[in-house]
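Throughout, a chain's letter reflects where its sequence line sits, starting with A, and its residues are numbered from 1.
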Amino acid sequence: MQNKGKYYLTTAIAYTSGKPHIGNTYEAILADAIVRYKRADGYDVHFQTGSDEHGQKIESRAIEAGCDSPKEFVDQVSGVIKDIWNKVGTSYDRFIRTTDDDHVKQVQKIFKKFYDQGDIYKGSYKGKYCTECEAFYTDSQLKDGKCPVCGGDVHESEEEAYFFKMSNYTQKLIDYINEHPEFIQPESRKNEMMNNFLLPGVQDLCVSRTSFKWGIPVDFDDKHVVYVWLDALANYITGIGYDVDGNSSEEFKKYWPADLHLIGKDILRFHTIYWPIFLMALGLPMPKQIFGHPWLLQGGEKMSKSKGNVIYADDLVDLFGVDAVRYFVLHEMPFDNDGTITWELMVERFNSDLANTLGNLVSRTIAMSNKYFDGVVEDKGANEPVDDDLKSVVTGTYKVVEEKMDELRVADSLTEIFNLFKRCNKYIDETEPWVLAKDDSKKDRLATVLYNLTESIMIGVSLLAPFMPETATKTAENFNTQLRSFDSLSSFGAYPNGNKVSAEPVMLFARKDMETVLKQTAEITEKQKNEFFESQEKAAVNLDKAGRTQDADKIRDNLKKLRGDAGSSDEEAIDIEPKAEIAYDDFAAMQFQVGEVIKCEAVPKSKKLLCSQIKVGSKTLQIVSGIHKYYEPEDMVGKKVMVLVNLKPAKLAGVTSEGMILCAEDAEGNLSLMVPEKKMPSGAEIC
RNA sequence: CGCGGGGUAGAGCAAUCCGGAAGCUCGUCGGGCUCAUAACCCGGAGGUUGCAGGUUCAAAUCCUGUCCCCGCUACCA
């Protein structure tokens with residue numbers, strides 16, 4: 001096989017805040033399929049993946065998990081990630097961790113270099129600071145002027161921080177992107193980045209933090225730790241031996257620039273704006289392509305633990321086997337739309353594509369060789385015109401797949417390969433071997449047909465190997481031969497004449513019964529939910545121990561809500577955060593009256609707001625309220641509601657609001673209008 | 001008129017950039033076959049491409065308007 005040059009591919013490194021679900025795992029599988037394909041196609045491949053282990057969130061999670069140190073926590077989670085990656089067969093060359101010594105040292109050097117050359121400057125970060133949460137919030141994040149997280153007081157504060165001067169490089173980056181249309185893929189994403197971020201101007205990025213400790217320390221100013229994204233992005237070069245001082249490894253010189261950064265569409269911004277700019281500042285060449293892949297959704301929704309709809313790769317593998325899982329995620333994922341996974345879909349695909357089309361094909365072919373020729377496969381040269389079409393489909397598949405793979409159309413490639421197998425099934429029908437078997441004079445023809453089938457399947461599974469390595473190998477073993485190299489797939493007839501197939505072939509995929517599987521998955525879901533609740537309870541206890549009682553209470557509140565959702569049907573009373581005691585005068589200062597809604601319409605540019613005209617006595621007030629989710633304008637008209645009438649007018653979404661309609665709110669945030677229990681005239685005082 | 005994605009057969013998707021007989025997989029119905037894992041092969045039914053206009057010889061595709069769904073956003077007084 002000729003050497004086609006080097007190919008360096010990376011995935012995003014997985015954030016170690018918890019166990020990755022199948023949507024996260026998809027990226028590793030996709031990367032692995034591409035990489036195995038490239039290797040088989042003659043490239044010198046380097047494949048890097050890993051885990052992203054710093055940051056405040058991880059610091060908190062470590063406490064919640066009851067770990068003595070963040071490092072203990074990330075060691076554990078990184079291990080889980082690595083196990084899952086291994087379980088789905090990821091053939092990475094390096095699994096980098098951002099806590100690895102070589103990475104840490106280089107990130108510090110990179111930071112220093114940026115500072116020395118003037119790309120990073122020391123400035124200050126101004127904003128509202130919550131001491132309780134040790135965090136800054138922007139004005140828009142505040143809730144009623146209080147901290148949105150803990151509800152405590154915030155004060156104007158200033159903290160020193162390092163900033164990266166983005167404006168030094170933005171024009172250069174815009175030019176680069178315009179000159180390299182293939183740089184950001186799929187292309188629709190390119191426009192999004194340009195219009196939303198680059199063209200309006202990129203703000204200087206705050207690249208250090210002092211509010212927490214779990215990060216790479218800035219070595220010349222150790223109050224600060226390096227911003228996690230600068231830390232994380234650098235892995236792509238540190239992992240192959242980049243050295244700021246010019247002593248980079250041979251590996252780095254060989255593989256950089258990366259041929260492909262494979263990432264989720266949600267983090268495209270960091271990879272197409274900040275990362276290229278960091279590279280420019282280091283004087284390094286740009287990666288060739290950044291591909292933002294879509295998401296795998298569970299039944300149309302994002303997976304989340306609290307929704308209880310998470311599907312994990314290891315559960316899938318236990319139920320269906322590695323290759324079935326790989327097949328599913330690779331095949332079901334469209335090129336630039338989000339894909340869907342459900343247990344039902346998984347079973348359907350498994351049965352129809354894997355068991356019926358492929359598994360059964362291999363099984364019936366081998367069975368016939370054993371039955372009619374005692375396992376010996378031999379081309380007797382008894383060709384007929386029907387063979388030609390089969391052969392042309394089979395020998396043409398490699399070229400079609402190659403074209404698809406060049407565009408990273410992995411799902412389409414798989415479809416092409418399975419079309420080959422379908423063609424084989426049809427060939428059996430066309431040639432009717434069982435009829436030939438009854439006629440002694442057709443023995444050579446029968447042998448030839450079985451040879452053609454065997455050869456076709458071997459070409460097919462050789463192409464399939466990058467996507468489903470285990471299946472390809474098993475099939476080759478069943479036929480008692482080796483997988484082919486890609487450069488031999490366009491010619492027919494390499495299966496050794498007279499070779500004997502296995503007398504007892506391994507079944508590739510046994511059909512699954514839907515009901516049985518659904519029963520199993522229900523158990524898994526139930527178990528997951530309980531584990532989640534348990535871990536949350538433990539987290540609350542651990543937070544208490546660490547003195548973060550408010551966070552602990554938040555988790556408990558949340559749990560209560562979720563448990564309510566989960567179905568205990570008896571109505572629960574709810575507790576809310578108590579407010580400070582007030583004097584009677586404070587109460588008397590508020591004027592409440594009954595108002596009648598005489599007109600109501602939705603606020604045009606808003607989803608949640610309704611604008612009502614409310615008659616209170618002889619006056620009419622215009623009041624905007626965020627209740628559209630629960631009430632339609634026509635439901636409102638004619639209702640007598642409770643109104644706070646002496647509230648200072650304010651503008652909401654550009655519309656003036658002169659008061660407040662009072663509602664009761666339950667734990668899920670559902671609203672109910674407060675209405676008088678007996679008939680009351682408009683304007684009646686509520687006291 | 002906040003940003004973005006989407007609405008095509010019962011389900012999941014393709015074709016949309018660059019107009020040219022609406023296609024694929026699953027399911028369903030009918031037929032064939034018996035080598036094989038209730039499998040495989042053939043055929044049928046099922047769509048006014050969200051809705052309404054416009055451009056054109058020709059519109060899923062281009063233009064205008066409109067309705068719904070999903071993310072993000074926050075303005076839920």
Side-chain angles (χ1 to χ4, degrees), chain A residues 138 140-144 148 186-189 191-192 195-197 265-266 294-295 297 299-302 331-342 344-345 347-349 351-372 409 411-412 415 418-419 421-438 446 449-450 453 505 507-513 603-610 623-630 643-663 665 669 671:
Chain A
T138 61
S140 58
Q141 284 175 307
L142 297 179
K143 262 195 174 165
D144 307 324
E187 205 182 331
S188 57
R189 307 268 160 219
N191 305 330
E192 202 179 326
N195 297 336
N196 285 328
F197 300 104
K265 62 180 185 180
D266 51 326
W295 286 332
L297 305 177
E301 282 188 314
K302 265 176 92 165
H331 182 255
E332 289 310 292
M333 194 62 107
F335 185 64
D336 54 6
N337 267 332
D338 291 342
T340 317
I341 183 170
T342 62
E344 287 91 337
L345 272 175
V347 174
E348 275 172 23
R349 283 271 87 89
N351 284 343
S352 79
D353 295 357
L354 301 182
N356 295 355
T357 301
L358 176 56
N360 182 46
L361 170 67
V362 170
S363 161
R364 66 200 296 213
T365 302
I366 291 178
M368 285 190 279
S369 283
N370 278 322
K371 189 166 181 177
Y372 302 136
R409 301 244 172 195
D412 292 348
T415 302
F418 273 75
N419 282 341
F421 296 132
K422 287 182 180 190
R423 185 64 190 81
C424 291
N425 274 322
K426 187 172 174 163
Y427 179 73
I428 296 180
D429 225 66
E430 289 167 341
T431 54
E432 299 180 304
W434 53 93
V435 176
L436 299 173
K438 285 177 189 148
L446 177 60
V449 164
L450 288 176
L453 272 172
M507 191 187 251
L508 298 176
F509 303 99
R511 285 178 60 86
K512 301 281 178 202
D513 176 60
V603 175
K605 51 186 174 178
S606 145
K607 278 190 230 166
K608 299 192 178 173
L609 301 180
L610 288 183
I623 299 181
V624 177
S625 12
I627 54 176
H628 197 173
K629 199 169 160 196
Y630 307 97
V643 184
L644 174 60
V645 297
N646 62 337
L647 188 64
K648 189 180 168 195
K651 277 203 168 184
L652 281 180
V655 181
T656 305
S657 180
E658 304 169 303
M660 187 166 175
I661 300 175
L662 301 184
C663 288
E665 182 178 15
L671 298 177

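Taking atom P in both B:rG23 and B:rU64, the straight-line distance is 29 Å, to the nearest Å. Nucleotides B:rA14 and B:rG31 are separated by 29 Å at their C1' atoms, to the nearest Å. One P atom belongs to B:rG2, the other to B:rG65, and the distance between them is 14 Å to the nearest Å. Taking atom C1' on both B:rC72 and B:rG47, the two are 33 Å apart, rounded to the nearest angstrom. For the P atoms, the distance linking B:rG71 with B:rC18 amounts to 32 Å, nearest Å. Remark: the separation of the P atoms in B:rC76 and B:rG5 is 27 Å, to the nearest Å. Taking atom P on both B:rG7 and B:rU16, the two are 13 Å apart, rounded to the nearest angstrom. If you take atom C1' in B:rG10 and the same atom in B:rC1, they sit 38 Å apart, rounded to whole Å.
Contact of the A:Met368 side chain with the A:Val449 side chain is not registered, since no non-hydrogen atoms from C-beta on lie closer than 4.5 Å. Contact annotation: the side chain of A:Trp434 approaches that of A:Ile428 to within less than 4.5 Å [non-hydrogen atoms, C-beta and beyond].
Comparing B:rU37, B:rC35, B:rC40 by their closest approach to the side chain of A:Met368 singles out B:rC35. Listed nucleotides B:rU37, B:rC41, B:rC35 differ in distance to A:Lys426; the shortest reach to its side chain belongs to B:rC41.
Partners of A:Ser369 by side chain to side chain contact (heavy atoms under 4.5 Å, CB included), not counting sequence neighbours, listed by chain and number: A:Val377, A:Leu450, A:Val501. Annotation: ring pair (Phe, Tyr, Trp, His ring centres under 6.0 Å) contacts of A:Tyr372 (sequence neighbours excluded): none. Here A:Lys512 pairs with A:Phe320, A:Val347, A:Phe350, A:Asn351, A:Val517 under the side chain to side chain contact (heavy atoms under 4.5 Å, CB included) rule; sequence neighbours left out. Contacts of A:Glu344 classified as salt bridge (Lys or Arg N to Asp or Glu O under 4.0 Å), with partners at least two apart in sequence or in another chain: none.
Pairs of residues two or more places apart, or lying in two chains, never qualify as salt bridge (charged side-chain N to carboxylate O under 4.0 Å, His left out) while including a residue from residues 355-368 of chain A.
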Listing time: all N or O pairs from protein to nucleotides 26-32 of chain B that are below 3.5 Å?
| from | atom 1 | to | atom 2 | distance (Å) |
| --- | --- | --- | --- | --- |
| B:rC26 | O2' | A:Glu348 | OE1 | 3.4 |

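The nearest whole Å value for the distance from the CE atom in A:Met660 to the C1' atom in B:rA77 is 5 Å. Following rounding to the nearest Å, A:Glu432 (CD) and B:rC33 (P) show an atom-to-atom distance of 9 Å. Per the geometry, CG belonging to A:Asp412 stands 15 Å off P belonging to B:rC24, to the nearest Å. As a whole-Å value, the separation of A:Asn419 CG from B:rC24 P is 11 Å. In this structure, the CZ atom of A:Arg409 is 18 Å from the P atom of B:rC24, given to the nearest Å. Atom CZ of A:Phe418 and atom C1' of B:rC40 are 16 Å apart (whole Å). One atom, CG of A:Asn425, and another, P of B:rU34, lie 16 Å apart when rounded to the nearest Å. When rounded to the nearest whole Å, the span between CG of A:Leu450 and P of B:rC35 equals 13 Å.
Among the protein residues, A:Leu644 comes within range of no part of the nucleic acid, since none of its heavy atoms lies under 4.0 Å from any strand. Contact annotation for A:Val624: backbone-only contact, meaning every heavy-atom pair under 4.0 Å involves sugar-phosphate atoms and none involves a base. The residue A:Tyr372 sits close only to the backbone: its heavy atoms come under 4.0 Å of sugar-phosphate atoms, none of a base.
In this structure, the side chain of A:Ser352 does not engage the main chain of A:Thr357 through any donor-acceptor pair within 3.5 Å. Panel note: side chain A:Thr431, backbone A:Tyr427; a donor-acceptor pair is recorded below 3.5 Å.
Remark: B:rG43 base-pairs with B:rC29; criterion is Watson-Crick or G-U wobble with both hydrogen-bond distances under 3.5 Å. Remark: B:rC72 base-pairs with B:rG2. Criterion, Watson-Crick or G-U wobble with two distances under 3.5 Å.
Where A:Tyr427 and A:Glu658 meet RNA chain B, the nucleotide closest to each residue was compared, and A:Tyr427 sits on the side nearer the 5' end. Nucleotides of RNA chain B nearest to A:Leu508 and A:Ile661 differ in position, and the one nearer the 5' end is that of A:Leu508.
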